[in-house]
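Note: hydrogens, waters and symmetry copies are ignored here, and every other heavy atom, side chains too, is used. Chain letters run A, B, ... following the sequence lines, proteins first and then strands; every chain starts at 1.
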There are 2 protein chains.
Amino acid sequence: MARAARAASKSKGQKRRRPSAALSGVQSFDRLGSPTSYPRNKKIYKPGELAEYLYRVEAGCVRTYSEFNGSRRHIHAFYYPGDYFGLEANEHHNIAAETVMPSSVFRVKRTALAAQATRDSGVVRFLLHIGSLELQRTQNHSLRLLNGAQMRIVDFLREITARKPSAREIDLPMPRSDVADYLGLTTESVSRALTQLKKVSAISMSTSRRITMRDALLS
Amino acid sequence: MARAARAASKSKGQKRRRPSAALSGVQSFDRLGSPTSYPRNKKIYKPGELAEYLYRVEAGCVRTYSEFNGSRRHIHAFYYPGDYFGLEANEHHNIAAETVMPSSVFRVKRTALAAQATRDSGVVRFLLHIGSLELQRTQNHSLRLLNGAQMRIVDFLREITARKPSAREIDLPMPRSDVADYLGLTTESVSRALTQLKKVSAISMSTSRRITMRDALLS
DNA sequence: CGTGCAGTTGAGCAAATTCAACGCTTGTGG
DNA sequence: CCACAAGCGTTGAATTTGCTCAACTGCACG
């Protein structure tokens, strides 16, 4: 059950990484932890809490977010099965994480990982690896925020599509308000951008959550 | 000379880190590398290059950036003396780094660090530590991009001021176009925001690069 | 069968960009 | 030493973009 599909790398023109590089790290991770189930919209951790664990999504979807300017919310990332999260912490968490839908999350104690790291260098490479992935992801997100609303949405849809190499039909697990807070827009702007994309036949929607991409959109 | 002032932590309400935690890591870093001098606007590395080194600024200022949408530039960060950079890479760099002014940069081979890491766990903690700092920095930057122009500028000025606990007078090493590309604005908007801040006496400027903050601005 | 949440649409508005012009400083060549 | 070009910074006017406020729909759940 701890066997989840490895997330597809988001970096574009890069040489394929040898899976062996981080393999022993992953095995340690699998062995040292245990899965937990959460209902929808359940907080997994919040800012200020001691950062005891490192997490991996097994099933469902998780979002991390901060609040700013008093009451506005920014979603830093959505994590899908196979993704690791909870790394952004120093000693205490400084952002929050919660489920988008009923989800299963695998977690391991950081102390256990640290102990294992002293004798298994694979664990170290593993940690550094997912750390740098997270860093790249965050940097890409910053870039995304500099585009216009339309392009942000397209980027977002592409990001989701990239995880399912199979179909060009995707099923959003989150409401419009999440998409908006992820992209730094309002729900209205998200809605408008989507209807605009429909109008030019770049996408089609069977329900508001189920979107089919036209080939032209796939980079 | 490898002895540069430790950069002030940007996280707010957090317990002060024991310097001992990452100390042996820093010592290894100091011992394994060597400094290099660069003229102004000199590229240190660019996307696609093999990421051989980890860097620390000794003197001057360094910016990292990506290009997007064909020709626009986004500056991810400015690094000042004591700051580490070049960590964002997997195996090859995916962003570029160059000097803002004549600078001295200390660099150590990643292979040397990796070798040292297998027998000195302090190096591991050191690497993970600066990685998570970088992650937090990048996340904060995303948040910054969601505010209005005025607040982005104020945030930026505060970020700079925070490194010099002494004076509320700062000397920007970079031109307006860099500030603009860092904050996701145009140079015109940066200029306007600054003159606006002058108009309400939140700041004063002796030259366009030399800015004095009024107390009200210091959070 | 109503209440509430999610999503869409429209009209007016605020904010930042674009395009353009101009001042200041700096460095270079005559 | 002066003239002039280039880079940096500022300012103005017109335009575009996304936001705010508001209404309305469909759907799910009690």
message: Tell me the interatomic distance from B/N147, atom CG, to C/dA15, atom P, rounded to whole angstroms.
response: 14 Å

- line: Here the pair of heavy atoms bringing B/E169 nearest to B/T212 is OE2-OG1, 3.5 Å

task: For residues A/R63 and A/N41, report the shortest heavy-atom separation together with the two atoms involved.
output: NH2-OD1, 2.9 Å

- prompt: Can you name the residues that form a salt bridge (Lys or Arg N to Asp or Glu O under 4.0 Å) with B/R73, not counting sequence neighbours?
  reply: B/D178, B/D181

- prompt: Given the rule in the ring-ring contact (aromatic ring centres under 6.0 Å, His included) test, do A/Y79 and A/Y55 qualify, once you have shown the distances and angles that lead to the verdict?
  reply: CA-CA 10 Å; A/Y79 298 93; A/Y55 305 84; over 10 Å; no

- line: Per-helix bend value, the helix from C/dC1-D/dG30 to C/dG30-D/dC1, C1' rotation axes over five pairs per end, 10° rounding, shows 30°

message: Can you identify which nucleotide, out of D/dT11, D/dG18, C/dA16, has its nearest atom closest to the B/A149 side chain?
response: C/dA16

message: Among residues at least two apart in sequence or on other chains, which ones pass side chain to side chain contact (heavy atoms under 4.5 Å, CB included) with B/A97?
response: B/I44, B/Y45, B/V62, B/T64, B/F85

task: Return the value, rounded to whole Å, for the distance between atom NZ of A/K199 and atom C1' of C/dT8.
output: 11 Å

Could you go over nucleotides 5-7 of chain C and give all protein N or O partners under 3.5 Å, atom names and distances?
| residue | atom | partner | partner atom | Å |
| --- | --- | --- | --- | --- |
| C/dG7 | OP1 | A/R209 | NE | 2.8 |
| C/dG7 | OP2 | A/R176 | N | 2.7 |

- request: List for me each residue that meets side chain to side chain contact (heavy atoms under 4.5 Å, CB included) alongside A/D171, sequence neighbours excluded, and say none if there are none.
  value: A/R209, A/R210

statement: Note: B/M101 and B/P173 closest approach over all heavy atoms is SD-CB, 3.7 Å

Value in whole Å for how far the P atom of D/dT17 lies from CD1 of A/I153: 16 Å

statement: In terms of heavy-atom contacts, B/G184 and A/L146 come closest through CA-CD2, 3.6 Å

field: Least distance between heavy atoms, B/S142 atom then A/H141 atom
entry: OG-CD2, 4.4 Å

task: Mind listing the closest non-hydrogen atom pair of A/H93 and A/A89 along with its distance?
output: ND1-CB, 3.7 Å

Those residues of residues 180-187 of chain B lying under 4.0 Å from DNA chain D by at least one heavy atom: none

query: Side chains of B/H76 and B/T138: is there a donor and an acceptor less than 3.5 Å apart?
result: no

Under the side chain to side chain contact (heavy atoms under 4.5 Å, CB included) test, residues paired with A/S104 that sit two or more places apart: A/P35, A/S37, A/E58, A/A59

Any side-chain donor near an acceptor of the partner, B/Y65 and B/E98, under 3.5 Å: yes

- prompt: Of the residues in residues 67-76 of chain A, which ones touch DNA chain C at a heavy-atom distance under 4.0 Å?
  reply: none

query: In the 5'-to-3' direction, what one-character label does each nucleotide of nucleotides 21-30 of chain D receive under the scheme B = base within less than 4.0 Å of a protein heavy atom, S = sugar-phosphate only, - = no such atom?
result: BB--------

- request: Rounded off to whole Å, could you give me the CG-to-P distance for the A/L197 and C/dT9 pair?
  value: 13 Å

Which donor-acceptor pairs under 3.5 Å do the side chains of residues 46-54 of chain B make with protein atoms, sequence neighbours left out?
| residue | atom | partner | partner atom | Å |
| --- | --- | --- | --- | --- |
| B/Y53 | OH | B/R107 | NH2 | 3.3 |
| B/Y53 | OH | B/K109 | NZ | 3.3 |

task: Quick one: list whatever passes salt bridge (Lys or Arg N to Asp or Glu O under 4.0 Å) with B/E88, sequence neighbours left out.
output: none

Donor-acceptor contacts under 3.5 Å from residues 196-206 of chain B side chains, at least two apart:
none

message: Distance check needed: D/dG9 P versus B/K198 NZ, whole Å only.
response: 13 Å

- line: A/L146 CG to C/dA16 P, in whole Å, measures 14 Å

- request: Calculate the interatomic distance between B/D178 atom CG and D/dG7 atom P; express it in whole Å.
  value: 15 Å

query: How many Å lie between CD on B/Q150 and P on C/dA14, as a whole number?
result: 16 Å

